[in-house]
2 protein chains.
Amino acid sequence: MTSPPVPTPPWRAARKDRKARRALSRDAIVDVALKVIDAEGLDALSMRRVAQDLDTGAASLYAHIDSKEELMEEVLDRVHAEIGTIEPRLEPDPENWQEQTKEWMRRGRRVYAGHRDLARAAMEQAIPTGPHALMNIEKLLALLRAGGLPDQAVAYGVDALSTYLTATVFENSLLESSPAQTGQTVEEYFGQVRDYFGSLPVDRFPNIVAMVEPLMRDVGDERFEFGLDLLVGGLARYARPRGTDAAAQGQEDAQA
Amino acid sequence: MTSPPVPTPPWRAARKDRKARRALSRDAIVDVALKVIDAEGLDALSMRRVAQDLDTGAASLYAHIDSKEELMEEVLDRVHAEIGTIEPRLEPDPENWQEQTKEWMRRGRRVYAGHRDLARAAMEQAIPTGPHALMNIEKLLALLRAGGLPDQAVAYGVDALSTYLTATVFENSLLESSPAQTGQTVEEYFGQVRDYFGSLPVDRFPNIVAMVEPLMRDVGDERFEFGLDLLVGGLARYARPRGTDAAAQGQEDAQA
DNA sequence: TAAGTAAACGAACACTGTTCGCGCCGTGGA
DNA sequence: TCCACGGCGCGAACAGTGTTCGTTTACTTA
C-alpha cells in the first residue's frame, strides 16, 4: 500500500481540516446549545443548528448525547450552576431568612432572564435531578429551615417558590418573544391589549374595564416582587414564634 | 360538453360519500381537537390527526382556521367556558371572598385536570383574550375587589393566582405523563426519585436527604392547597381593615 | 342552464429528532 | 513495522410536523 508522495486531493484536505478541530465533546455541545439559545432563542435550537456551529452533522452529536431531551437537561443544569456560583457560600441566617430567600429568588430570575426563553425548557422538566439544580434546592431548603418552618411547610414552600420562579420568568419571556414574531414591540403589544380590554362591554366586564391600568402596569420587577412577597410572607406565618406575634394559624395542612 | 348519462364511476361515488357529511366547521374542528387531547394527550394533537377524525385532509382545516395556534386558543377558551359555567352565577361575598376565591381555583384545577396535559397549552398562551377566559378573569377580579384590596393588589393578585393555577396543573400533568412515556407508573417514578434523593451524599446535600419524605409527599390536593393558602392568605394582608387587626404592611408596592 | 364562488383536497415544501450503515482514523497488540 | 480493531464522524434516509399552492369539486345565484 506504499504509494509515492502525492499532493492530497482537495476533498481529503477538507476532511483533514474538519477532523483537525476535533473539539467534539459533551461540554462543547452544551456550550454551543446555550449559545444558540442566547443568540436566537429556544425555538431556533435544533440538533442540526448545534451541529452546524460545530462544523459537523446532526448525527455526530448522538455519539456524545442520547437525545435532545438529555441535552436540554445538561443546558439547564449549567444555568443552575450559574445561579449557584454567583454567591457560592451562603450562610442561612435565622434572623434574615426571608430577605435571603427573596434575594436568592431574584438572583434566579436574573440568571434565567439572561438566557432568553430558556425558562420554557425549565418548565418542561418534571423534576430536575442535575447536580447544580439539586444544589439550588439544597440552598432553598436550608434557608427555609433556618426560618424554623415545619418540615412539610419547608418542602411545599420550596416547591411553590421554584414553581413561581420558573413560571413567572417563562411568562415574561413569552410576553417578550411572542409579539416579536409578528414584528411588533412589547410596548405595541401591550398597548393593543390595553385598548382591547378598555373597549370591552362594561356591562359584562365591569371589573376588567375598571382595572385596565393596574392590570397592564409593569411586566417586570414589581409584579415579580409582589408575588414573591405573597409567598415568602405566607411562609413566614408558619415560622417558629419569635418576638411578639404568635405564628399560629388556622390551616390544617402543613403539619410538622 | 353534454355527455350521455353514465353510471358514476366508483371513485366519484366515494367522493360523493365524503362530501355528503360536510360537517366541516370551526366548532366541529375544535370539538375534535379537544377530543383528541382528552383521548391521546396534547402531543398526539396534529392537524392531520384532527383531519383524520373528520374524514378529510389537513389542508381542509385551513379554510376555517388560520393556524394551529388559533385552534389551540379556541380549544382553551372552550375549557375556560367549562370552568365558568359550572356555577354561572357567583355573588362575591365580602365576608367570604377568601374561601370563594379558593373554591374558584379548585374548580379551575379540576377542569384542567380533566383534560390531560392541556394545561401545557394554557401556559404557552401569553395573555388569554378569549371571551370565556376574560369572563373568568372578570370573576376573579370581582372576588378580590369584594375583599377590599387596593387596585394594584387586585391586579397583581389575579395574575399570581392565574399563574399559580396553570403552572401547578401543568406540573402535575407532567408528573403523570412523562414517566408514562418510558412505560412506568407515577408511583415507580416517584419511588426512583425518592431513592435517588435518599442516596445523595449527606455532606453536600444534608437538607435534601433529611427532607426526602416531606419533599416526596403527595403530588396532589394537599400541595396545591398549601400554595393556594399562601397566596390567598398573603392577599388577605392587603385587605381593607375589618374587625380588629390593621391591614397596614410595610411593602412599598401594590399601592392603590 | 351558465357563471361565479367558496370550500375541499392532494401534493409538495421546509423543517424536526433520530437511526442506519459505511468509512475513516488513532491506538494496542503481534 | 504492520495490522486489526473499535469508536467516532457523517451522509442519507425515515417518519413525523405545520403550512401553502394550484387545482378540482360542489353549491348558489342570475
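In what follows, chains carry the letters A, B, and so on, assigned in the order in which the sequence lines appear, proteins first and then strands, with residues in each chain numbered from 1.
Taking only side-chain nitrogens and oxygens, A:His64 comes nearer than 4.0 Å to OP1 or OP2 of D:dG9. At least one side-chain nitrogen or oxygen of B:Ser46 sits closer than 4.0 Å to the OP1 or OP2 atom of D:dT17. Checking the phosphate oxygens (OP1, OP2) of D:dC8, no side-chain nitrogen or oxygen of A:Ser60 falls inside 4.0 Å.
Listed by chain and residue number, A:Tyr164 satisfy the ring-ring contact (aromatic ring centres under 6.0 Å, His included) test with A:Phe224 (two or more places apart in sequence, or in another chain). Every residue meeting the salt bridge (charged side-chain N to carboxylate O under 4.0 Å, His left out) condition with A:Glu70, not counting sequence neighbours, appears here in chain and number order: A:Arg26.
B:Asp43 places its CG atom 14 Å from the C1' atom of C:dT16, with the value rounded to the nearest Å. Atom-to-atom, CG of B:Asp55 to P of C:dC9 comes out at 9 Å; the value is rounded to the nearest Å. Nucleotide D:dG9 holds its P atom 10 Å from the CG atom of A:Leu54, rounded to whole Å. Atom-to-atom, CD of B:Glu70 to P of D:dG18 comes out at 15 Å; the value is rounded to the nearest Å. Atom-to-atom, CD of B:Gln52 to C1' of C:dG10 comes out at 16 Å; the value is rounded to the nearest Å. Going from atom CG of B:Leu71 over to atom P of D:dG18 covers 10 Å, rounded to whole Å. Straight-line distance from the CD1 atom of A:Ile29 to the C1' atom of D:dC8: 12 Å, rounded to whole Å.
Nucleic acid contact class of B:Ile65 (heavy atoms, under 4.0 Å, all strands): none.
Between B:Arg78 and B:Asp31 a salt bridge is recorded (basic side-chain N to carboxylate O distance below 4.0 Å). Taking 4.0 Å as the cut-off between side-chain N and carboxylate O, A:Glu225 and A:Arg106 count as a salt-bridged pair. With respect to the salt-bridge test (charged N to carboxylate O, under 4.0 angstrom), the residues B:Arg49 and B:Asp43 do not qualify.
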Polar atoms only, N or O, under 3.5 Å: list the protein pairs with nucleotides 18-22 of chain C and their distances.
from, atom 1, to, atom 2, distance (Å)
C:dT18, OP2, A:Tyr62, OH, 2.5
C:dT18, OP2, A:Lys68, N, 2.8
C:dT18, O5', A:Tyr62, OH, 3.3
C:dT18, O4, A:Arg48, NH2, 3.4

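No donor-acceptor pair under 3.5 Å is formed between the side chain of A:Arg217 and the backbone N or O of A:Arg223. The closest donor-acceptor contact from the side chain of A:Asp159 to the backbone of B:Leu215 lies at 3.5 Å or more, if one exists at all.
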